[in-house]
Structures are given as structure tokens and as C-alpha cells.
Amino acid sequence: MAVKFENIRIVLVETSHPGNIGSVCRAMKNMCLDQLYLVRPQNFPDPEGKSKAMAASARDVLANIKIVDSLDEAVAECVHVVGASARLRSIPWPIIDPRECVSQLAEIAENDQVALVFGREDRGLTNEEMERCNALVNIPANPEYSSLNIAAAVQVLCYEINMLSFLQGEEEKRMPDFYDHPRATSDEVEGLYGHFESALTALGFHDPDNPRQLMRRLRRLFNRAGLDKMEVNILRGILTAAEKANKEKPVNTDKA
Ligand code: SAH
């Protein structure tokens with residue numbers, strides 16, 4: 001199941017540098033997100049165009065920004081709100097890491113709207129704003145200096161969201177239902193290897209006294225493939241046919 005990016009919004013509270021807002025747009029678009037809400041931005045829209053410059057090719061995200069007056073308004077339809085916090089505060093609130101945060105968010109976002117909230121560049125989120133959140137996420141960082149630039153913090157979390165979506169896609173690719181027969185059991189596969197060994201010996205291809213890793217290589221080949229029952233049957237059928245043909249082979253009488 002792919003992540004529903006459209007149900008995940010990023011909320012920035014009272015951001016003061018318009019360049020950061022542009023950088024956030026870029027960080028989001030790079031990771032397939034485009035729902036950005038600004039609560040009382042301090043210098044935005046900015047006539048000098050810093051936000052535009054930093055957004056680069058994420059101008060569509062910039063143009064689609066929703067500006068609101070309160071955090072409540074920004075998260076009104078959301079059933080789950082996570083606040084990003086640089087400092088592990090004194091308020092006892094559940095604190096999770098980015099991966100755990102994103103896996104919860106993505107699951108809830110399958111059916112509902114969710115929000116990730118980021119604080120002011122100088123002061124972060126207030127305690128009241130954090131209490132508005134279901135959980136707080138902290139990006140593990142250098143204890144000597146754990147406060148990331150806001151766009152970098154947005155980037156880390158959006159990357160985790162996109163990475164989760166990527167991994168889910170990979171998993172679906174890895175589990176194609178091309179197995180139209182049940183997988184062979186270990187017993188059945190061992191039976192096949194035994195059959196290979198005896199048939200190839202009878203055919204003169206394998207010399208048990210000088211094995212040269214043949215059986216090991218065949219095992220590695222078939223173990224890598226992951227055989228199903230039908231494939232084991234086909235291979236054993238081929239071996240049986242070869243054994244039969246070998247037995248019925250006219251004895252060469254020319255050789256004196
Ligand atoms: N000086 C502020 C930090 C502001 S950084 C403070 O100490 O609170 C701006 C915002 O970026 C923060 O409010 C937070 O939402 C996010 N942020 C920065 N570093 C972070 C980290 N290590 N983990 C989670 N969020 C972080």
C-alpha cells in the first residue's frame with residue numbers, strides 16, 4: 001500500500017525567514033509532499049522573493065500554501081498531530097523517533113488527515129502548542145547542538161515518509177504472485193538434489209570421487225531461485241527421462 005502523501009500536511013508556526021519557507025517547499029516537493037500550512041508567518045509573502053528563490057522548482061508548492069491564523073485552524077481536520085521538537089522538554093509528552101513517527105502517520109493517513117508541526121526558528125513550539133499534539137518527534141542529533149535548521153528538519157521527516165513509501169513499493173515488487181504453485185518443501189528439494197546426484201553420476205557428468213563442488217553449485221543455483229512444487233516435478237521428470245534414455249542407449253559394439 002503506497003503512502004497517501006496528499007493526506008499528510010506540514011505546518012510551520014510563525015516562521016520568520018521567508019527563505020526557510022521556500023526551502024521547506026523544496027524539501028517537501030523532493031519527497032513528494034505538497035500540503036503546506038503556515039500559521040501567522042512573520043514575513044510572508046515576501047516582496048524580495050527569497051522564498052521563491054529558495055523554493056527553486058517547488059514554486060507550485062509555494063503557490064499552493066495555505067496561510068491561517070492559528071494552529072487549531074491548520075490542523076482542524078486532522079485526526080493525528082505530531083509536533084517536531086529540537087529539545088526534549090520538561091513536559092512529559094510521548095516522544096518518538098522519526099521512523100516510528102512516520103510509520104504511525106502513514107498508517108493513519110491511509111484514511112484520515114494527519115499533520116507534522118514545526119516551530120519557530122528561534123523558540124520552537126510553545127508548551128501549549130505541544131500539548132495540542134498527539135506525540136512529539138525528535139530527530140536524534142548531536143547533543144551539543146541538536147537544533148536543525150527548520151527546512152533541514154522538514155527534510156529529514158519528509159525523507160522518512162518517502163523512504164517508507166519506497167520500501168512499501170519494493171516489498172510489493174518483491175512479493176509478486178508469480179508462484180502459481182505452492183513452494184517446494186525442504187524435503188522435496190532435498191529429494192531433487194539426491195536425484196540430480198544419482199542421475200548425473202549415471203550419465204557420467206558427475207564423478208562422486210572428484211565432485212569439484214558440482215552439487216554445491218547446483219544447490220546454490222536452485223536455492224537462489226526458490227523452487228515451487230511444479231518446478232521440482234519438472235526437473236525430476238527431466239532427470240528421469242535422461243536416466244531412461246541413458247539406459248536404453250544401444251551399447252557401442254564397434255569398439256573392440
Ligand atoms: N531553538 C529552537 C529550535 C528551533 S529549530 C528550540 O530550541 O526549540 C525550528 C524547528 O525545527 C523546531 O521547532 C522543530 O520543529 C524543528 N527541529 C529542529 N531540530 C529538530 C530536531 N532535532 N528534532 C525535531 N525537530 C527539530
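Ligands are counted one by one from 1 in listed order, and the atoms in each one are counted from 1 as well. These numbers come from a predicted model, not from an experiment. For reference, positions follow the sequence shown, starting with 1.
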Enumerated ligand 1 atoms positioned under 4.0 Å from heavy atoms of G124: 2 (C), 8 (O), 13 (O)
Under a 4.0 angstrom heavy-atom cut-off, which atoms of ligand 1 come close to R87? 6 (C), 7 (O), 8 (O)
Which atoms of ligand 1 are found less than 4.0 Å from any heavy atom of D122? 1 (N), 2 (C)
Do P41 and L12 touch side chain to side chain, with heavy atoms closer than 4.5 Å? no
Do the side chain of E77 and the main chain of V75 share a donor and acceptor less than 3.5 angstrom apart? no
dist T15:OG1 -> D122:CG (nearest 0.5 Å) comes out at 10.5 Å
Report yes if the side chains of F44 and N20 come closer than 4.5 Å at any heavy-atom pair, otherwise no. no
What atoms of ligand 1 come within less than 4.0 Å of a heavy atom belonging to A153? 11 (O), 16 (C), 17 (N), 18 (C), 26 (C)
Determine, considering heavy atoms only, which of G119, S85, P98 sits nearest to atom 24 (C) of ligand 1. S85
What atoms in ligand 1 come closer than 4.0 Å to a heavy atom of V137? 24 (C)
Between S85 and R87 (side chain of the first, backbone of the second, donor and acceptor by atom type, cut-off under 3.5 Å), is there such a pair? yes
My understanding is that we take every heavy atom of each candidate and find the minimum distance to atom 11 (O) of ligand 1. Doing that for I139, L136, I150, L125, which one comes out nearest? I150
Report, in ascending order of atom number, the atoms of ligand 1 lying under 4.0 Å from any heavy atom of N138. 23 (N), 24 (C)
With distance as the sole test, does K66 use its side chain to make a donor-acceptor pair with the main-chain N or O of Y37 at under 3.5 Å? no
State plainly whether the residues E231 and R183 are in salt-bridge range, i.e. N to O under 4.0 Å. no
Which bit of S146 gets closer than 4.0 Å to ligand 1, counting heavy atoms only: side chain, backbone, both or neither? backbone
Judged by atom type as modelled, is there a donor-acceptor pair below 3.5 Å linking the side chain of K229 to the main-chain atoms of H181? no
Looking only at distances, can you tell me whether any N or O atom of L148, backbone or side chain, sits closer than 3.5 Å to an N or O atom of ligand 1? yes
Relative to ligand 1, is A152 under 4.0 angstrom through side chain, backbone, both or neither, heavy atoms considered? neither
